[in-house]
Amino acid sequence: MANTHRVLTVLVNRDRVVLVGPPGRAAVLSRVGLAGLTTALRDAAVQARK
C-alpha cells in the first residue's frame, strides 16, 4: 500500500481538537503536507478557543 492517499480529519469539539485518521495507518508528511497540517491545527486551535 505504498503511496496510497490517506486522510487525516481535524475536528473541533468545544475546546478540544480531535484528529481522526484511518485505523492502523501511519503517514509520513512532506514539507507541504506538514505545512497543511500545521495550518489546519492552528485554525482548529483558534476555533477551540472561541
Side-chain angles (χ1 to χ4, degrees):
M1 284 217 183
N3 296 323
T4 59
H5 185 71
R6 292 179 178 82
V7 175
L8 177 66
T9 303
V10 180
L11 303 169
V12 178
N13 184 357
R14 298 183 193 183
D15 63 344
R16 295 184 179 172
V17 177
V18 181
L19 302 176
V20 181
R25 300 286 184 201
V28 176
L29 300 175
S30 65
R31 288 184 188 193
V32 172
L34 183 57
L37 178 58
T38 301
T39 300
L41 291 175
R42 185 178 304 120
D43 292 347
V46 169
Q47 290 296 319
R49 290 186 196 120
K50 290 184 179 182

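Along the sequence shown, residues are numbered consecutively beginning with 1.
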| note | Rounded to the nearest 0.5 Å, the CG atom of L19 sits from the CG atom of L41 at a distance of 5.5 Å
| query | Going from CG on L37 to CZ on R42, what distance comes out if it is rounded to the nearest 0.5 angstrom? | reply | 10.5 Å
| query | Do you know which two heavy atoms are closest between V17 and A48, and how far apart they sit? | reply | CG2-CB, 4.2 Å
| note | Scanning both residues in full, the closest heavy-atom pair of A44 with V10 reads CB-CG1, 3.6 Å
| message | Between L8 and L34, is there shared hydrophobic-cluster membership here, with clusters defined by ILVMFWY side-chain heavy atoms closer than 4.5 Å? | response | yes
| request: State, with a plain yes or no, whether a side-chain heavy atom of R16 is found less than 4.5 Å away from one of V12. | output: no
